[in-house]
Structures are given as C-alpha cells and as structure tokens.
Number of protein chains: 2
Amino acid sequence: MAATSKLVHPKVFSECSKQLLAINDALDILRGKWKIQIIGSLTFGKKRFTEMQREVRGITARMLSKELKELEINELVLRTVHNTTPVTVEYELTDYGKTLDKVIEGLRDWGVKHRKRIIKKQS
Amino acid sequence: MAATSKLVHPKVFSECSKQLLAINDALDILRGKWKIQIIGSLTFGKKRFTEMQREVRGITARMLSKELKELEINELVLRTVHNTTPVTVEYELTDYGKTLDKVIEGLRDWGVKHRKRIIKKQS
DNA sequence: TATATCGGTATACTTTAGGTAAGTAGTAAC
DNA sequence: GTTACTACTTACCTAAAGTATACCGATATA
C-alpha cells in the first residue's frame with residue numbers, strides 16, 4: 001500500500017507559501033554575516049566608520065564599507081559626511097531601518113539564550 | 001585640527017559588543033538562503049520531505065536534505081521515519097526549535113511590510 | 001513490463017561571500 | 001619630508017554556498 005499523501009488544505013498551503021515569500025524578501029536584504037550585526041550596532045545610536053570597525057568584531061574595512069553601501073541603497077541606513085579634517089562620516093538608522101527593531105531584538109534575545117544553552121551542555 | 005574622536009563610554013561599548021556577539025551566535029545557526037525558510041515552513045506543523053520541497057520555492061532535494069540535517073544536529077528539528085511503503089519521513093520543530101517563533105514572526109512581519117513598501121515605490 | 005513514488009545521494013559545476021593586502025586623497029602634526 | 005589620521009577603494013584569491021542532473025532501492029500501480 002502506498003503511503004497516503006496527506007494533502008495540505010489549499011488555503012493553509014497558500015498561506016504558508018505567502019509567508020515564506022515574505023521571509024525571503026526580508027532575508028534578501030539582511031542576508032550574510034554582517035548586515036544584521038551592523039544594524040544591531042546602529043540601534044545603539046549614530047556611529048562613525050572606525051567606531052563600527054572596532055565594535056563589530058572581525059569585520060574588515062572592505063566588508064563594512066560594502067555592507068553599509070547596500071544598507072544605504074535599501075534606505076535602512078543614512079550616511080552623513082561632516083566637514084571636519086580629516087573628514088568624519090556618521091552612519092545612523094533611518095526611520096525605516098528602525099522598523100527592524102523587533103527582528104534585531106528577537107535575534108539578540110534568542111542568541112543570548114542559545115549561548116547559555118551551549119555553555120550548559122559543554123559543562 | 002583633527003576631528004576629536006568621541007570615545008564611547010566603556011559600559012555602553014561592552015554592552016553593545018555583547019549583544020552583537022549574541023546576534024552572531026544566532027546567525028551562525030540560521031545563516032544561508034534556506035534555513036529560516038525551512039523553519040518558517042515547519043511553524044505550520046509537521047511536514048514530509050516532498051511536501052517541503054514543494055512549499056519552499058526553488059529549493060533542491062540536495063539543499064533541503066543538507067539543511068535539515070544541520071538543523072537536526074542543532075536540535076531545532078526532529079526527524080521521524082515511518083515504516084510505510086514507500087517510506088515517509090516527517091520533520092517537525094523541537095521545543096527548542098519553537099523558541100525561534102519570535103524571530104521567524106518578526107522577520108515575516110517585516111517582510112510583509114517591506115514588500116508593500118517596494119510595490120508602492122514602483123507604482 | 002514499464003512507470004511512478006518517497007526520500008534521499010553522488011557528482012560535477014557555477015556563483016557568491018568573504019578575507020588579505022595594498023593603495024588612495026586630503027590634511028595636519030612632528 | 002615623513003608620518004599619521006579618516007574613510008575608504010582596488011585587485012586578487014579562496015572557501016563556502018548553491019545549482020543541475022542523474023541515479024538509488026523498495027514497492028506499488030497501470
């Protein structure tokens with residue numbers, strides 16, 4: 001006897017697919033090792049380039065520059081150049097960037113719990 | 001005159017760094033094109049392999065298999081083989097996997113809003 | 001006998017992500 | 001005139017991620 005294939009109700013199926021599409025849209029913008037961390041660092045306020053380089057552990061100037069550019073294009077981050085010498089550049093979240101608060105917070109909270117769990121398992 | 005480097009208060013700095021570490025921990029497990037989508041699809045309940053292949057648009061058997069294995073190793077997903085013919089295999093979120101609810105939800109909600117925004121800008 | 005299903009695996013390949021290292025302009029301090 | 005600072009850019013390279021396609025055993029169906 002062949003396994004009966006429990007068909008998902010079309011309504012449920014399309015609902016799930018639609019939501020996966022949304023997740024995909026979000027990931028398209030946030031994917032990679034650095035973007036979410038960069039946004040995370042900017043939730044603490046305006047930052048200068050070198051400041052972020054120090055804060056986001058392990059990131060190189062190349063990656064920071066590249067990722068910030070993409071975030072700027074997607075209107076999540078605002079870049080402001082100040083006429084000091086040498087020039088200073090400030091990055092901050094746009095209002096739209098700030099709408100990612102819940103995502104960042106969720107990821108951060110889960111990460112904290114996850115780290116605790118891993119450490120507990122090792123001991 | 002050189003720009004004065006506004007030093008961040010050590011307490012604020014370490015707090016930010018600590019939180020970025022947590023975000024990094026979370027991302028280590030969830031990074032890539034598919035993992036979050038797979039978990040997202042499982043928030044709707046148990047799924048069989050082929051069912052997921054249909055649901056997660058564009059994923060190949062190879063990737064689905066690979067990603068599910070990694071999620072299983074990290075105890076986010078449980079795999080159950082049923083003795084039907086042909087065999088059926090069910091995947092579901094573990095209790096620990098379910099703790100990602102907030103993250104998935106946040107990403108999904110943001111994705112929905114983001115898609116609306118993009119469509120609006122195009123018109 | 002031929003074909004289909006389920007849950008994959010094997011192999012080969014292409015693409016993208018990310019790292020390394022060096023260099024840049026403009027200014028200013030030593 | 002050499003060095004230092006800020007905020008990058010460029011060229012190059014590797015490793016990881018992802019894709020395409022064919023195939024597997026067991027069984028059931030046409």
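The sequence lines fix the lettering, A, B, ..., with proteins before strands; numbering per chain opens at 1. Worth saying up front: this structure is predicted, and the values here are computed from it rather than measured.
Annotation: side chain to side chain donor-acceptor pair (under 3.5 Å) contacts of Arg62(B) (sequence neighbours excluded): none. Every side chain to side chain contact (heavy atoms under 4.5 Å, CB included) that Glu72(A) has, sequence neighbours left out, goes to Arg79(A). Listed by chain and number, the residues in a side chain to side chain contact (heavy atoms under 4.5 Å, CB included) with Lys113(B) amount to none (sequence neighbours excluded). In this structure, the side chain to side chain contact (heavy atoms under 4.5 Å, CB included) partners of Lys116(B), at least two apart in sequence or on a different chain, are Val112(B). Considering only residues two or more places apart in sequence or on other chains, Lys102(B) meets the side chain to side chain contact (heavy atoms under 4.5 Å, CB included) condition with none of them. Listed by chain and number, the residues in a side chain to side chain donor-acceptor pair (under 3.5 Å) with Asp25(A) are Arg115(B) (sequence neighbours excluded). Residues satisfying the side chain to side chain donor-acceptor pair (under 3.5 Å) test with Lys120(B), not counting sequence neighbours, are none. Under the side chain to side chain donor-acceptor pair (under 3.5 Å) criterion, Gln19(B) pairs with Arg108(A), Glu15(B), not counting sequence neighbours.
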Inset, instruction - Using a 4.0 Å cut-off on protein heavy atoms (strictly under), produce a 5'-to-3' string for nucleotides 7-14 of chain D with B for base contact, S for backbone-only sugar-phosphate contact, and - for none. - result: SBBBB---
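Separation of atoms CG (Asp28(B)) and NE2 (His114(A)) is listed at 8.0 Å; rounding is to 0.5 Å.
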Which pairs would a plain distance check flag for residues 33-45 of chain B, meaning a side-chain donor or acceptor within less than 3.5 Å of a matching protein atom at least two apart in sequence or in another chain?
from     : atom 1 : to       : atom 2 : distance (Å)
Lys35(B) : NZ     : Glu70(B) : OE1    : 3.0
Ser41(B) : OG     : Ile38(B) : O      : 3.3
Thr43(B) : OG1    : Gly40(B) : O      : 2.5

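Listed by residue number, the members of residues 19-29 of chain B with any heavy atom below 4.0 angstrom from DNA chain D form an empty set. Near-neighbour residues of DNA chain C inside residues 31-41 of chain A, defined by a heavy atom below 4.0 Å, number-ordered: Gly32(A), Lys33(A), Trp34(A).
Within the structure, a side-chain polar atom (N or O) of Thr85(B) is placed less than 4.0 Å from OP1 or OP2 of dA28(D).
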